[in-house]
Amino acid sequence: QVQLVESGGGSVQAGGSLTLSCAASGYITSNYCMTWFRRPPGKEREWVATIHPGGGDIYYGTSVKGRFSISRDNAKNTLYLHMNSLKPEDTAMYYCASNRGPPVLAVAGSRCGIGSWGQGTQVTVSS
């Protein structure tokens with residue numbers, strides 16, 4: 001079964017840190033462009049970060065650059081998002097995605113097409 005499963009979300013105070021994980025099954029994520037995007041409550045989807053295949057180029061959205069870090073563990077077929085200096089405006093449902101399959105989901109600013117994504121994990125940052 002092909003799927004992406006996010007975990008690691010939770011509630012944290014402003015200034016805190018969280019690390020999100022995205023475990024993949026059914027395909028090798030290192031062969032694909034992997035992306036984190038988020039959806040704040042009542043707002044549109046927002047691109048967060050992208051890592052290209054083979055551990056190549058990495059890109060970040062303006063609002064998270066310098067605070068968030070995307071990485072992958074190819075041996076575990078897992079994608080991560082390390083989030084530091086969290087702010088209340090980072091509150092959102094976070095999703096991991098890949099460009100496996102035709103691009104069917106529009107996320108403004110994304111560096112790669114999004115063909116599949118997980119169910120998401122909630123991050124809540126309190127002030």
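Everything numeric here is computed off the predicted structure, so don't read it as measured data.
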I'd like to check Lys87 versus Ser63 (side-chain heavy atoms, cut-off strictly below 4.5 Å). Are they in contact?
no
Parallel, tilted or perpendicular: which fits the ring planes of Tyr27 and Tyr32, with parallel below 30° and perpendicular above 60°?
perpendicular
Does this structure show an ion pair linking Asp57 with Arg111, if we count only N-O contacts that are shorter than 4.0 Å?
no
Rounded distance (nearest 0.5 Å) linking atom CG of Asp90 with atom CE of Met83
7.5 Å
Indicate the atoms forming the closest heavy-atom contact of Cys33 with Thr50, along with that distance.
SG-CG2, 3.3 Å
Going only through I, L, V, M, F, W and Y residues with side-chain contacts under 4.5 Å, is there a path from Met93 to Leu105?
yes
Verify the distance criterion only: is there a donor paired with an acceptor across the side chains of Thr91 and Arg38 at less than 3.5 Å?
no
Point-to-point distance, once rounded to the nearest 0.5 Å, from OH of Tyr94 to CG of Leu20:
7.5 Å
Just wondering, do Val107 and Thr35 contact through their side chains at under 4.5 Å, heavy atoms?
no
Side chain to side chain, Trp36 and Phe68, heavy atoms closer than 4.5 Å
no
Is the shortest heavy-atom distance from the side chain of Leu81 to the side chain of Ser69 under 4.5 Å?
no
Find out whether Ile58 and Arg72 are in side-chain contact, i.e. whether some heavy atom of one side chain is under 4.5 Å from a heavy atom of the other.
no
Would you check if Ile114 and Val104 make a side-chain contact, meaning some heavy-atom pair closer than 4.5 Å?
no
Where is the tightest heavy-atom contact between Ala97 and Trp117, given as atom of each residue plus distance?
CB-CB, 3.8 Å
Less than 4.5 Å apart, side chain to side chain, heavy atoms only: is that true for Tyr60 and Val48?
no
Are side-chain heavy atoms of Val12 and Thr124 found at a separation under 4.5 Å?
no
Distance in Å, Ser11 OG paired with Leu18 CG, rounded so as to fall on 0.5 Å steps
8.5 Å
Glu6 and Gly118: which non-hydrogen atoms are nearest, and at how many Å?
OE2-CA, 3.2 Å
Do Ile70 and Val64 belong to the same hydrophobic cluster, where Ile, Leu, Val, Met, Phe, Trp and Tyr are linked whenever their side-chain heavy atoms lie under 4.5 Å apart, directly or via other members?
yes
Scanning both residues in full, the closest heavy-atom pair of Gln13 with Val125 reads C-CG1, 4.0 Å
Does Ser98 form a side chain to side chain donor-acceptor pair (under 3.5 Å) with Ser116? I'd like the steps, not just the answer.
CA-CA 6 Å; Ser98 83; Ser116 61; 3.1 Å; yes
Apply side chain to side chain donor-acceptor pair (under 3.5 Å) to Ser17 and Asn84, showing your working.
CA-CA 4 Å; Ser17 300; Asn84 298 312; 2.9 Å; yes
Tell me the closest heavy-atom pair linking Ala14 and Pro88, and the distance in Å.
CB-CD, 4.1 Å
Is Tyr80 reachable from Tyr59 through a run of I, L, V, M, F, W or Y residues, each pair having side-chain heavy atoms under 4.5 Å apart?
no
Rounded to the nearest 0.5 Å, the SG atom of Cys96 sits from the CD atom of Gln119 at a distance of 10.5 Å
In one Ile/Leu/Val/Met/Phe/Trp/Tyr side-chain cluster, 4.5 Å: Leu86, Phe37:
no
Can you tell me how far OG1 of Thr29 sits from CE of Met34, rounded to the nearest 0.5 angstrom?
5.0 Å
Which heavy atom in Asn74 sits nearest to a heavy atom in Ser30, and how many Å separate them?
OD1-CB, 3.2 Å
Hey, what do you get for OG (Ser110) to CZ (Arg45), rounding to the nearest 0.5 Å?
11.0 Å
